[in-house]
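Written below as structure tokens is the structure these notes are about.
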Amino acid sequence: MARIVMKFGGTSVADIDRIRHAARHVKREFEAGHEVCVVVSAMAGVTNQLVAYCQSAAPLHDAREYDAVVSTGEQVTAGLMAIVLQDMGIPARSFSGWQVPIKTNDVHGSARITDIDATDLVARMGDGQVCVITGFQGISANNRITTLGRGGSDTSAVAVAAAVKADRCDIYTDVDGVYTTDPRIAPKARKVPRISFEEMLEMAALGAKVLQTRSVEVAMAQKVRLVVRSSFDDPDADQVVSDDPFYNGPGTIVCDEDEIMEKQIVSGVTLVKSEAKITLRGVEDHPGVAAAVFGALAKEQIVVDMIVQNVSDDGLTTDITFTLPDSEYEKAIKALDNAGDELSYQSISGSKGGAKVSVVGVGMRSHAGVASSMFKALADKGINIQLITTSEIKTSVLIDEEYAELAVRALHTYYGLDRKEA
Ligand code: ADP
Ligand code: ASP
Ligand code: MG
């Protein structure tokens, strides 16, 4: 007997038929004798609608009330899932975040889970009940409902799995596993049977939204065994997930690097669109200048991504370029315009509509030349690179959004990731 957390994303619970189908997966595990907690997202499109309501009520709204509104989608699904399970003869009950409780800090809109009291969940599972828990939400020390950021139900599921000491956390979604790149962009993308936590973390952080980045961080830190698989599969088919290192069954196992036999130099390609770029020229070069630029942005809660700084020949001034989401562009320009005396520069310029394309792979640690071959592959397609950043296991470039998909497909082919035609 195992203890399993099963998470179903928005498309997997988009209507009552889908919820019923998802519930059949739960039934299979329950009837196999396993203890089960279920974590659910809002029905597809619901969270977007709730966010839009808040924005049209007031563009600058109280983040605590935003969370009160956008957290409601998950409560509907949790109740419906419990009803459907009961209708199938499975004892089930729903839990909102505060009822568990799932405690978080008070950063509304992107709260972090600080503690989960699993006592009641464990006791109920022991009594043969399925606990259905709302994803995406928790409760702060001030007794306010919080949400965990878009895609946050993945993190709820992993954190619940860690808290109840589950043997596995199964993430059921609308693709049948983690692919070498987004299969909606590159039809030749290949499902990977296994991926390391580290690679998955980079892939998620660099745009592969199949898992929320934070969920992979928590899984890695707490050693939660994650499986990404399709909820659309036949629930009655054999679904055994094996510990065999050459496992090639349903889904993708996210695990420690040493459990992976075949290590690729590049294991994935990712894309983030709608990236803006801002350049400050002729910034006075003295200690504290970068702190002044990025301090002014942080004060406005603007998160920047790639940063490049160049010192002028005379060593007196510097140019600083950074990227941020298109949606934050005007706010950032305003924040820098108003930064006042501590920040002096000659000019500010920038543009929206960039795309960040990255290649990720643990094999890059021990192989020289991945970055240069990436630049060559892009040059061969006539794609101009505007910015570059690298780390031990990834190289990212900023390019014009117009060429984003072309770049992803070109790199996917270049690194030999394309699916072999049957
Ligand atoms: P859910 O609602 O189940 O949480 P998401 O829409 O958040 O599902 O994530 C699943 C989607 O992630 C897929 O439909 C796919 O388009 C996208 N995706 C992006 N990159 C990848 C990747 N490397 N592998 C698999 N899916 C990916
Ligand atoms: N419903 C939330 C969202 O759409 C959380 C999730 O689905 O993971 O972002
Ligand atoms: Mg998701």
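For reference, positions follow the sequence shown, starting with 1. Every number for a ligand or one of its atoms is a count from 1 in the order of the listing.
The D174 neighbourhood of ligand 1 comprises atoms 10 (C), 11 (C), 13 (C), 14 (O), with distances under 4.0 Å to a heavy atom of that residue. Under a 4.0 Å criterion applied to the non-hydrogen atoms of M203, ligand 1 contributes the atoms 23 (N). Atoms of ligand 1 found under 4.0 Å from any heavy atom of V178 (numbered from 1 in listed order, with element): 24 (N). The ligand atoms of ligand 1 that sit less than 4.0 angstrom from a heavy atom of K7 are 4 (O). For ligand 2, the atoms closer than 4.0 angstrom to any heavy atom of R150 are 3 (C), 4 (O), 9 (O).
Donor-acceptor pairing under 3.5 Å is lacking for the side chains of T134 and Q75. The closest side-chain donor-acceptor pair between T146 and S140, if any, does not fall under 3.5 angstrom. Side chains of S196 and E199: a donor-acceptor N/O pair is present below 3.5 angstrom, by distance only.
Under a 4.0 angstrom heavy-atom cut-off, R150 registers as lying outside contact with ligand 1. Not close to ligand 1: S153, with no non-hydrogen atom less than 4.0 angstrom away.
The single protein non-hydrogen atom nearest to atom 26 (N) of ligand 1 is V210 CB, 3.6 Å, given as residue, atom name and distance. Looking at atom 5 (P) of ligand 1, its nearest protein heavy atom turns out to be K209 CE, 4.0 Å. Regarding atom 14 (O) of ligand 1, its nearest protein heavy-atom neighbour is R184 NH2, 2.5 Å. For atom 25 (C) of ligand 1, the closest non-hydrogen atom on the protein side is G177 O, 3.4 Å. The nearest protein atom to atom 8 (O) of ligand 1, hydrogens excluded, is given as T173 OG1, 3.1 Å; this is a heavy-atom distance. Among protein heavy atoms, atom 21 (C) of ligand 1 sits closest to D182 CA, 3.7 Å.
At least one N/O-N/O distance between G151 and ligand 2 falls below 3.5 Å. Ligand 1 has a nitrogen or oxygen under 3.5 angstrom from a nitrogen or oxygen of Y179. Note: an N/O pair closer than 3.5 Å links G10 and ligand 1 by distance alone.
Between F8 and H25, the angle of the ring planes lies from 30° to 60°, which puts this pair in the tilted group.
In this structure, R93 and Q99 have side chains that are in contact, with non-hydrogen atoms separated by less than 4.5 Å.
Residue R64 places its CZ atom among 12 or fewer non-hydrogen atoms of other residues, nucleotides or ligands, all under 6.0 Å distant.
Comment: E392 engages R365 in a salt bridge, judged by a side-chain N to carboxylate O separation of less than 4.0 angstrom.
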